Amino acid sequence: MNLYPKSLIIFASLAFSLNTGYAFSPTKVNSEQISTGTTALPYSSPKVPESVMFCGKKIDLTRFDRYERMDRELLAFAYMHSTSIQTIKRANRYFPIVEPILKKHGIPDDFKYLMAIESNCSPLARSHAGASGLWQFMQTTGREYGLEVNKNIDERYHVEKSTVAACKYIKAAYAKYNDWIAVAAAYNGGQARIAGQMNKQHVQETLDLYLVEETARYVYRIIAAKIMFSNPAAFGFRLKASDLYMQVPYKEVTVTTGISDLAAWAQKQGTTYALLKNLNPWLRDNFLQNVSGRTYVLKVPIQEGMYYKTNSIVPHDKRWIVE
C-alpha cells in the first residue's frame, strides 16, 4: 500500500533536483510510477579519473584501492551539497588572497585545496579539538609558527598571517620528506607519524601506507576538492557568477597603540563593530590590548562597495560557473 500522497512524492523529487542541480523532468514520472511508488531519483556517481596531477606529480588512480578511496571522497563532495557549494562560494573571496602568498613562499598552488577541506574556506572555522581558522592550527602550533594567540588576539583567524604560518609549516615538512604528498598527509597525521610509518611499513609512496581512517582519507579528500573545483557542474553544482561571495573592499588602518573600545573606534571609522569583527576575526574581544606597542593593521570596510549588485561579482575561476 502506498502511504505517501502523490503531491509529496512529486515535491520530494523536485526538492532533490533543486539541491543537486540536476534537472527534474516531469515527463519521466508517469501516473503509474507515482501510484506504485517506483519513481527513480536521479542519483549519479562522479567519474573517477584514471590519474590526477597533484603538486606536479602524476598519481595513478586505476589500482583498485586508490580508485575506491578516490570514489568515496568524490561521492562525499557530490552529495554534501550545502557544504560543497558554500565552500566554492567562499573560495571566490579567499583564494585570491591565499594564492599569491603560497606562490611567494614557494608552496604549490594545490595546497589551497587543503584549506578547503580543513575549514571549508571559512576563517571562523573551529574544530571540537580547538583547531581554528582557515588552516586549522592548534594554539601551540600557531604560536610555534609565529602567530599571536591569546584571549585578546588570535591570529589563527587572520587570513593572511595564518596562511604565512601554514606556508612555514609546509616548508618545514617538505624539508623533512622532499615529497609534497607526504607533506599533505603529515598536515593531518603529524610529521613524526608519517615518517615513522613509512619506515615501519617499508614503503616509498605515502599513498601506500596503512593509516588510521582520517589520515588515510586525507590526501584523497584534497585531490577530490581539486577535482570538484576544476568542474563543479560535473557534481551537479551549477552556479552563476552572482552566486559567488564578493570580495569586500576595505581600507587598512595601522595602529600602534591599544584601542579601549572597538565599537566606538569602528563608529569613528564610519562602520560598525559587527562589520569590523567580520573583516578582522582575529580580534577576540571588544578592545585591542597592545601594551608592547606592536603594529596591527585593521581592515575597515568601504561603505559604497559593501552591497551586492547584479553582475558586479567577477568569478575568480570561470570553471566554477555556468554561462
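Start at 1 with the first residue, then count along the sequence. Since the model is a prediction, treat every value here as computed from it, not as a measurement.
- The two atoms that bring Met70 and Tyr220 nearest to each other are CE-O, 3.1 Å, heavy atoms only.
- By the 4.0 Å N-to-carboxylate-O rule, Arg156 lies too far from Glu148 to be salt-bridged with it.
- Taking the charged nitrogens against the carboxylate oxygens, Arg221 and Glu214 have no contact shorter than 4.0 Å, which rules out a salt bridge.
- Looking only at atom types and distance, the side chain of His316 has a donor-acceptor partner in the side chain of Glu99 under 3.5 Å away.
- Summarising the local packing, CG of Asn311 is surrounded by 12 or fewer heavy atoms from other residues, nucleotides or ligands at distances under 6.0 Å.
- Under the 3.5 Å distance criterion, with hydrogens and angles disregarded, no donor-acceptor pair is assigned to the side chains of Thr141 and Tyr169.
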Show every donor-acceptor pair shorter than 3.5 Å between a side-chain atom in residues 118-125 and any protein atom, with sequence neighbours excluded, or say none if there are none.
| residue | atom | partner | partner atom | Å |
| --- | --- | --- | --- | --- |
| Glu118 | OE2 | Tyr218 | OH | 2.4 |
| Ser119 | OG | Met115 | O | 3.1 |
| Ser119 | OG | Cys121 | N | 3.4 |
| Ser119 | OG | Leu134 | O | 2.8 |
| Ser122 | OG | Leu124 | N | 3.3 |

Mind listing the side-chain donor-acceptor pairs of residues 246-269 below 3.5 Å, one per line with the distance, residues two or more places apart or on another chain?
| residue | atom | partner | partner atom | Å |
| --- | --- | --- | --- | --- |
| Gln247 | NE2 | Asn92 | O | 3.1 |
| Asp261 | OD1 | Ala263 | N | 3.0 |
| Asp261 | OD1 | Ala264 | N | 3.2 |

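- With a 6.0 Å cutoff to the six-membered ring centre and a 45° limit on the axis angle, Arg319 does not count as a cation-pi contact of Phe229.
- Taking 4.0 Å as the cut-off between side-chain N and carboxylate O, Lys112 and Asp109 count as a salt-bridged pair.
- Judged by distance alone, the side chains of Asp71 and Tyr67 never bring a donor and an acceptor atom under 3.5 Å apart.
- No hydrogens or angles considered: nothing links the side chains of Asn199 and Gln197 as a donor-acceptor pair under 3.5 Å.
- In this structure, the ring of Trp180 has its center less than 6.0 angstrom from the ring center of Tyr174.
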